[in-house]
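Input: a single structure, listed below in structure tokens.
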Amino acid sequence: MANILVIAEHAEGKLNAAVSKTLAAAAKIGGDVHVAVLAADGAAVAEQAAKLDGVAKVLVVNNAANANPVAAVLAPQIAELAKNYSHVLFPGTTFGKDLAPRVAAKLDVAQVSDVMAVHGANSFDRPTYAGNAITTVETPAGTVVATVRLASFTAVGAGGSAAVETVSVSAAVPSHTRFVKLEAQKSERPDLQSANRVVSGGRALGSSENFKVIFDFADKIGAGVGASRAAVDSGYVPNDMQVGQTGKIIAPELYFAIGISGAIQHLAGIKDARTIVAINKDPEAPIFEVADIGLVGDLFQVVPELTGKV
Amino acid sequence: MKALVSVKRVVDYNVRIQVKSDGSGVVTDGVKHSMNPFDEIAMEEAVRQKEKGKITEIVAITIGGDKNEETLRSALAFGADRAIHIKEAGDVQPLTAAKAFAAVMKKEGAQVLFTGKQAIDDDANQTGQMVASLLDIAQATFASKVELDGAKATVTREVDAGLETLEVDLPAVITTDLRLNEPRYLKLPDIMKAKKKPIETVSFADLGVTAAAGLKTTKTAAPAGRSKGVMVKTTDELIAALKGKGLL
Ligand SMILES: Cc1cc2nc3c(=O)[nH]c(=O)nc-3n(C[C@H](O)[C@H](O)[C@H](O)COP(=O)(O)OP(=O)(O)OC[C@H]3O[C@@H](n4cnc5c(N)ncnc54)[C@H](O)[C@@H]3O)c2cc1C
Ligand SMILES: Nc1ncnc2c1ncn2[C@@H]1O[C@H](COP(=O)(O)O)[C@@H](O)[C@H]1O
């Protein structure tokens, strides 16, 4: 039977919602599921993790060096914990993507990136070529190290009450990497990765001032806000809003692509959206090939009109 | 300071990917290939750091068959001083690639390795981190700004929450994100000059590397398609359509 260790991502004492989706993938594999919280003081985070369905135990590793999520510091500790497990799973966030390969290399095993379906303890589907080719892979002997594609799994419930155990590890942590700062975008809007509705704007917006039409509409319908790479590169909005192959992969119920052409790299981020609405002035724009509902028109006219009417 | 830059030959990002009907993989024969876009950014960064006097020598490095020479020639045209071709045909996965790059890093005494954050064919996003792990050195992934300063580097990283800054001691591995820079267009004189620059050819055996056990791909399939949608003409129709689906 599988013994699965899920690595908890957290910040400022709050467990990241991605962990719950990672647990959903763990549940598909089946077996005993433990969550590891590495922190300066992990008590509060462990308490949240202990409530998630399917968790049998929460391990807490307290160490001042774990105050910020530095992969080089966390990896040797996780590699040591991994000795007791058949699987180590990470959320497919920038945290997990940075950290998992560092652990896999320590364990000398291949890694499965972006698990989107589980066929068994050693067989998984994962996307390649910006999601244009889905491969089924089998892992070799040894610990299975994987990151989980969040858009492919639904968060588990929070009706559990797992035991919390503080453990110590002896692995030496390096001092060659020092956290300096995090400039986080504070936003009152729903989080892009868990929002039910997302409105994204593209290059067509033309400036950060003009992006207001997107924000106004999003706020009216209670949506999170995303953007194409072109909009981010042009400086209209910050990087953490990029949706796509190399940005965030999202799966909202409702997605609006506004003034976005529909490049394959952008589509890679929205394939799992339930309903895609495209607004574009070019009837030939590729976004209309994937849109469930399309409207040809000038966004600067259409979007304020929508904001007024919904 | 010597820098290594890994450059992978991949199917060009503009190509529409075709999955083979027998599920054995994607069509790559006769398809345009080019340098992985993130590796172009890595090359550009190394060259800019050299222009600023922070780096003295740039060595481009690739793993793959004969055709990877084209990729190395592009890297040399960008401004690499020389190149190393690890000639190994067939599927080379991140852990094996990382072992080879770690071996070269050591042999060359390089202070920094620039890799792309991910190769756009396997979309693994693993190799750079694995090299750093194998060598027990620092890593700064998804870089959008790099300042090299003697024995250390200050790197701004694109993370889900925003921008994170790390300070790392060298040697280190830095993986590039999209906004680090905009790669230059290669000019003909540079392409001509690149033809005369040296490429050294080595094998895994020469580097003392044995291929690690990798993932076995048992099937490759096209993603589930989306069914054709409807076009509406007015915002009222759009709102009605959304209400009809229970979405508003
Ligand atoms: C390695 C790599 C990774 C990448 N990763 C990503 C990624 O993660 N995410 C991503 O988004 N892109 C990514 N890209 C970039 C991608 O290829 C496209 O360049 C980008 O998505 C284009 O953004 P856009 O649709 O906003 O701009 P454009 O392609 O310029 O499209 C603008 C659209 O707006 C329409 N328009 C203009 N004016 C109006 C108006 N007034 N009203 C309505 N419509 C209007 C136009 O008809 C056009 O269709 C990546 C590229 C590479 C090479
Ligand atoms: N065969 C290869 N040849 C050259 N560079 C590679 C190779 N494989 C991986 N890399 C480097 O590692 C980065 C990340 O690749 P991956 O981990 O496969 O997504 C790429 O952007 C390249 O810089």
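Proteins get letters first, then strands, A, B, ... in listed order; numbering begins at 1 in each. What you are looking at is a predicted structure, and each value in this text was computed from that prediction instead of being measured.
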As an exercise, state the distance from CD of A:Gln111 to CG of B:Leu215, rounded to the nearest 0.5 Å.
9.0 Å
Quick one: do B:Asp169 and A:Arg178 make a salt bridge, cutoff under 4.0 Å?
yes
Show your reasoning for whether side-chain contact (heavy atoms from CB on, under 4.5 Å) applies to B:Lys245 and A:Ile293.
CA-CA 11 Å; B:Lys245 285 174 171 255; A:Ile293 309 175; 4.2 Å; yes
Any chance you could lay out the side-chain contact (heavy atoms from CB on, under 4.5 Å) test for B:Ile120 and A:Tyr129, step after step, and finish with the verdict?
CA-CA 6 Å; B:Ile120 61 162; A:Tyr129 292 93; over 6 Å; no
Under 4.5 Å from a heavy atom of chain A, the part of B:Val19 involved
side chain
Taking every heavy-atom pair that is under 4.5 Å apart, which of B:Thr154, B:Leu242, B:Val232, B:Thr141 has the most such pairs with chain A?
B:Val232
Taking side chain as everything from C-beta outward and backbone as N, CA, C, O, which of these in B:Lys233 sits under 4.5 Å from a heavy atom of chain A? Side chain, backbone, both or neither.
backbone
Any donor-acceptor N/O pair, A:Arg197 side chain to B:Leu247 backbone, under 3.5 Å:
yes
Distance alone, cut at 3.5 Å: any donor-acceptor contact between the side chains of A:Lys181 and B:Thr165?
no
Does any part of the side chain of A:Glu305, heavy atoms only, come nearer than 4.5 Å to the side chain of B:Asp236, both counted from C-beta?
no
Considering heavy atoms only, which positions within residues 236-246 of chain A lie below 4.5 Å of chain B?
A:Asn239, A:Asp240, A:Gln242, A:Gln245, A:Thr246
At a heavy-atom distance under 4.5 Å, which candidate from B:Gln118, B:Lys117, B:Arg226 has the highest pair count against chain A?
B:Arg226
In terms of heavy-atom proximity below 4.5 Å to chain A, should B:Ala98 be classed as side chain, backbone, both, or neither?
neither
Under 4.5 Å from any heavy atom of chain A - which part of B:Leu170:
neither
Under 4.5 Å from any heavy atom of chain B - which part of A:Ala75:
neither
Region of B:Val15 in contact with chain A, defined by heavy-atom distances below 4.5 Å:
backbone
Quick check on B:Thr234 against chain A: is it the side chain, the backbone, both or neither that has a heavy atom closer than 4.5 Å?
backbone
Do B:Gln126 and A:Ser113 get their side chains close enough for a donor-acceptor pair, meaning under 3.5 Å?
yes
Nearest heavy-atom neighbours spanning B:Asp123 and A:Arg126
O-NH2, 3.3 Å
Between B:Tyr13 and chain A, with a heavy-atom cut-off of 4.5 Å, which part of the residue counts as in contact: side chain, backbone, both or neither?
both
Please determine whether a side-chain nitrogen of the Lys or Arg among A:Asp98 and B:Arg157 lies less than 4.0 Å from a carboxylate oxygen of the Asp or Glu.
yes
Testing the basics here: between B:Met130 and A:Pro101, what is the closest heavy-atom pair and its distance to 0.1 Å?
CG-O, 3.4 Å
Portion of A:Ile276 that has a non-hydrogen atom of chain B nearer than 4.5 angstrom:
both
With a 4.5 angstrom heavy-atom cut-off, could you sort out which part of A:Ile264 is near chain B: side chain, backbone, both or neither?
side chain
Heavy-atom closest contact (A:Phe288 atom, B:Lys228 atom, distance)
O-NZ, 3.7 Å
Relative to chain B, which segment of A:Val109 carries a heavy atom at a distance below 4.5 Å: side chain, backbone, both, or neither?
backbone
Need one label for A:Pro283: side chain, backbone, both or neither, based on atoms under 4.5 Å from any heavy atom in chain B.
neither
Salt bridge between B:Lys99 and A:Asp108, side-chain N to carboxylate O under 4.0 Å?
yes
B:Val159 versus chain A, the contacting section by heavy-atom distance below 4.5 Å:
both
What part of B:Leu163 gets closer than 4.5 Å to chain A, counting heavy atoms only: side chain, backbone, both or neither?
both
So which heavy atom on A:Lys271 is nearest to which on B:Pro223, and how close?
CE-CG, 4.3 Å
Quick one, B:Asp122 with A:Thr128, criterion side-chain hydrogen bond (donor to acceptor under 3.5 Å, both in side chains). Give me CA distance, side-chain angles, the key distance, then yes/no.
CA-CA 5 Å; B:Asp122 66 13; A:Thr128 60; over 6 Å; no
May I ask you to decide whether A:Lys106 forms a salt bridge with B:Asp136, counting only side-chain N to carboxylate O separations under 4.0 Å?
yes
